[in-house]
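Read the structure below first, then the notes.
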2 protein chains.
Amino acid sequence: MKKKILIIGAGFGGLTAAKNLADTEFEITLIDKTNHHLFQPLLYQVATAALSPSDIAVPIRSLLSDNKNIKVILDEVISIDKNNHIVNFKDSQLEFDYLIVAVGARHSYFGKNEWEQLAPGLKTLTDALVIREKIIEALELAEKETNHELMKKYLTFVIVGGGPTGVELAGAIAEIAKETMIKDYKNFRPEDTKVFLIEAMDRILSSFDKKLSEQAKEDLMNMGVEVKLNAKVENISQDGVHTNQEFIPSKTIIWAAGNQASPLLKSLNVETDRAGRVIVKKDCSIPGNPEIFLIGDAAHFEEENGNVLPGVAQVAIQQGKFVAEVIKNQIPPERRPSFRYKDKGTMATIGKAKAVAEIKGLKLSGVIAWLAWSIVHIFFLIGFRNRFRVMIEWIWYYITKRHGTRLIVGK
Amino acid sequence: MKKKILIIGAGFGGLTAAKNLADTEFEITLIDKTNHHLFQPLLYQVATAALSPSDIAVPIRSLLSDNKNIKVILDEVISIDKNNHIVNFKDSQLEFDYLIVAVGARHSYFGKNEWEQLAPGLKTLTDALVIREKIIEALELAEKETNHELMKKYLTFVIVGGGPTGVELAGAIAEIAKETMIKDYKNFRPEDTKVFLIEAMDRILSSFDKKLSEQAKEDLMNMGVEVKLNAKVENISQDGVHTNQEFIPSKTIIWAAGNQASPLLKSLNVETDRAGRVIVKKDCSIPGNPEIFLIGDAAHFEEENGNVLPGVAQVAIQQGKFVAEVIKNQIPPERRPSFRYKDKGTMATIGKAKAVAEIKGLKLSGVIAWLAWSIVHIFFLIGFRNRFRVMIEWIWYYITKRHGTRLIVGK
């Protein structure tokens with residue numbers, strides 16, 4: 001009788017694992033609570049009306065339809081019973097011989113969950129559409145607002161968190177508010193709009209080289225973004241953001257500050273780090289259960305040098321491949337190799353023809369970094385259709401400065 | 001002091017009127033409760049995952065950004081005070097010298113509004129996304145369903161109403177359930193899926209020539225659609241549709257049967273027809289108020305021969321142009337010409353390489369009608385970007401038989 005492998009999550013890690021286990025003797029079930037694989041690195045472009053959801057999301061099912069040994073299920077796992085090798089759904093359950101948990105992370109409000117309503121984060125397509133509508137609605141409300149104070153609130157955008165997502169959002173929103181969409185409004189002008197990027201540390205993009213952080217900050221400031229460093233958020237209200245430095249009146253606040261692993265991991269009851277990520281062994285399995293693996297943003301993996309791997313696509317992809325190999329060859333725990341991460345570099349885009357990149361010690365910025373960023377992202381997108389569409393959209397936007405998907409659909 | 005023109009609704013009628021009044025001495029405000037102009041003839045393709053919302057919707061604002069005398073406002077008109085020349089919003093109001101009401105129609109459940117939850121209709125982008133998710137979710141639920149009876153319910157799709165929208169939906173859903181998406185599911189086969197088209201009259205597409213109705217019915221049946229004529233819906237429940245002929249168990253029911261004009265029109269208190277459309281005079285104005293015009297689906301316009309104009313894009317567009325001319329030249333009521341509709345023909349597509357068209361007495365079907373349909377719809381789409389994208393999507397779909405936008409985004 002065939003051995004059963006369950007994979008929870010069809011992000012970069014889960015999908016890579018599934019692909020690498022395709023057409024083997026195992027019976028594989030890939031479970032996700034959405035029906036699509038999402039290319040998260042470009043999600044901020046959906047949130048800023050540059051791309052359509054369907055440009056960066058592909059039905060998981062159609063990616064695996066040719067692989068006879070893989071079943072795809074749209075459902076949400078409620079808990080994992082590691083001792084009896086069962087995962088539980090709302091009204092059913094599945095058994096497994098091997099389990100790969102690749103559930104990713106949600107954003108964390110550091111205990112202040114009431115802030116989520118006021119300052120949404122960006123992880124799913126739904127998040128992106130919520131933010132897109134928030135931004136466009138703010139401009140629409142400003143257009144018909146007669147009270148000047150209130151209008152200023154609508155025209156002030158605050159992004160909390162100076163990591164890659166925060167920087168990319170701030171840059172894209174500055175383009176919208178200072179250059180592109182603004183043309184179409186007749187009641188206010190570019191200088192009436194404000195974009196703030198709030199970072200608690202002393203520099204943005206702290207995972208990058210200091211020089212690149214500086215460069216990114218300069219670029220953002222030239223685009224009209226006010227970058228606030230060493231600024232800790234103390235409270236968020238209907239009226240704006242309170243930091244340890246000031247109060248910023250704003251109706252549009254976006255959260256890009258920090259992640260929290262899925263609560264599902266608690267049911268494994270194993271040791272986790274402060275972000276709720278499971279601390280895994282060198283083979284990505286959990287202590288005591290060599291048949292259960294955790295990969296990607298849900299895992300806390302420490303390299304020999306004590307450095308903990310970041311929550312980026314490359315880590316998830318490489319771990320997915322690694323774990324698939326271990327299972328395929330059914331390597332007994334004691335003989336398993338240690339996972340080794342090959343850093344292929346990190347990049348963040350800031351705006352048109354502006355980006356920073358660090359590739360094997362090489363530090364790039366400006367147009368070169370931006371071109372590298374564009375090529376890499378087109379290349380890693382799944383499916384010819386999406387590559388083609390995104391490329392066309394970018395060229396279209398570059399030439400016309402018109403956003404392709406400025407829609408408020410609502411519910 | 002400049003005269004004020006208010007236009008309510010930025011559909012085909014309202015937008016055409018605005019465009020034709022651009023750069024005149026009038027001060028124009030175009031009001032819509034959405035931020036986009038929607039190309040409704042292709043809405044069914046968004047509902048069936050062939051196109052993205054942004055392919056057929058354009059921000060109203062960006063269409064008119066160059067016209068200095070036109071202001072665009074995103075808001076909902078609550079009532080019209082025809083005597084004091086005021087339109088009221090939730091918490092503001094606007095005065096007018098001329099008013100053009102082009103608010104379109106919603107679908108009508110003939111008093112059974114409780115059916116709307118069970119059988120959504122198709123008029124807005126939100127409607128289309130709701131239907132798209134309903135269809136995809138039904139297939140997903142069937143894939144993991146073990147109870148065979150329930151699975152059959154998930155795999156049965158019922159479309160109520162055999163007009164163009166109903167026929168187009170039935171054809172597109174048959175392609176999904178019998179041919180394209182079905183490939184990706186491993187738990188059931190094409191013959192397990194059923195698509196019903198229910199029509200109360202003795203033929204579908206009753207506005208077309210009898211021969212074409214026959215042809216369309218045959219085409220649908222060849223695609224696997226069960227067409228039920230003289231079938232009146234008596235009840236709709238969680239479990240399916242009861243007609244005067246039978247009970248059809250189904251979890252996915254779509255309503256395409258009949259329209260109801262906007263309730264806003266009541267505030268005009270003038271005579272309306274059974275569908276709630278305002279009965280307008282020969283110059284499209286309302287009795288007693290020559291400065292208030294009603295056009296498009298919201299108007300009941302009777303031609304000399306007693307024939308009432310249908311609720312199609314061409315009527316709205318031509319009326320929009322006509323009314324704009326009357327206002328531009330400030331023609332006094334007694335000297336105004338009568339609006340005359342030039343019928344440019346009607347078409348409906350059934351499926352790949354299948355359509356019916358009636359153009360100036362010429363009756364077309366099959367590939368020729370389908371090509372004509374495709375060209376006309378690409379041509380009338382607004383904006384080069386959308387024309388290009390839709391064309392690419394169609395070619396892509398024609399070749400690969402893969403739907404571009406099979407996403408469940410949810411909320």
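Proteins come first, then strands; the chains are lettered A, B, ... in the order of their sequence lines, and each starts at number 1. Because only heavy atoms are used, hydrogens play no part in the values below, and waters and symmetry mates are left out as well, while side chains stay in.
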Grab the two heavy atoms, one from [X] and one from [Y], that are nearest each other, plus how far apart they are.
{"X": "B:Ser54", "Y": "A:Gly404", "value": "CB-O, 3.6 Å"}
{"X": "B:Arg389", "Y": "A:Asp55", "value": "NH2-OD1, 3.9 Å"}
{"X": "A:Ala57", "Y": "B:Leu407", "value": "CB-CD2, 3.8 Å"}
{"X": "B:Arg406", "Y": "A:Asn35", "value": "O-ND2, 2.8 Å"}
{"X": "A:Arg402", "Y": "B:Ser62", "value": "NH1-CB, 3.5 Å"}

Nearest-0.5 Å distance, [atom1] of residue [X] to [atom2] of residue [Y]:
{"X": "B:Ile60", "Y": "A:Asp184", "atom1": "CD1", "atom2": "CG", "result": "11.5 Å"}
{"X": "A:Leu74", "Y": "B:Ile408", "atom1": "CG", "atom2": "CD1", "result": "5.0 Å"}
{"X": "B:Met181", "Y": "A:Ser65", "atom1": "CE", "atom2": "OG", "result": "12.5 Å"}
{"X": "A:Phe89", "Y": "B:Lys144", "atom1": "CZ", "atom2": "NZ", "result": "7.5 Å"}
{"X": "B:Lys186", "Y": "A:Arg61", "atom1": "NZ", "atom2": "CZ", "result": "8.0 Å"}

[X] atom [atom1], neighbour heavy-atom count above 12 within 6.0 Å:
{"X": "B:Lys352", "atom1": "NZ", "result": "yes"}
{"X": "A:Gln238", "atom1": "CD", "result": "no"}
{"X": "A:Lys123", "atom1": "NZ", "result": "yes"}
{"X": "A:Lys401", "atom1": "NZ", "result": "no"}

Checklist entry - For the side-chain contact (heavy atoms from CB on, under 4.5 Å) test, which of B:Val409, B:Thr124, B:Leu125, B:Thr34 pairs with A:Val409? => result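 Of the listed residues B:Val409, B:Thr124, B:Leu125, B:Thr34, the side-chain contact (heavy atoms from CB on, under 4.5 Å) partner of A:Val409 is B:Leu125.
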
Item to check | Working for side chain to side chain contact (heavy atoms under 4.5 Å, CB included), residues A:Ile392 and B:Phe388 | outcome: CA-CA 10 Å; A:Ile392 294 296; B:Phe388 181 76; 3.7 Å; yes

Next on the checklist: Using the rule given for salt bridge (charged side-chain N to carboxylate O under 4.0 Å, His left out), can you reason through B:Arg385 versus A:Glu393, listing the C-alpha separation, both sets of side-chain angles and the distance that settles it, and then say yes or no?
Outcome noted: CA-CA 9 Å; B:Arg385 173 181 170 282; A:Glu393 279 298 318; 3.1 Å; yes

Checklist entry - Is chain A contacted by the side chain of B:Asp75, its backbone, both, or neither, given a heavy-atom distance below 4.5 Å? => result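 Both parts, backbone and side chain.
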
Checklist entry - Which answer fits B:Leu141, side chain, backbone, both or neither, if we ask what part of it has an atom under 4.5 Å from a heavy atom of chain A? => result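 Neither part.
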
Next on the checklist: Treating B:Ser52 as the side-chain partner and A:Ser52 as the backbone partner, does any N or O pair qualify as donor plus acceptor under 3.5 Å?
Outcome noted: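 Here the side-chain-to-backbone pair does not exist.
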
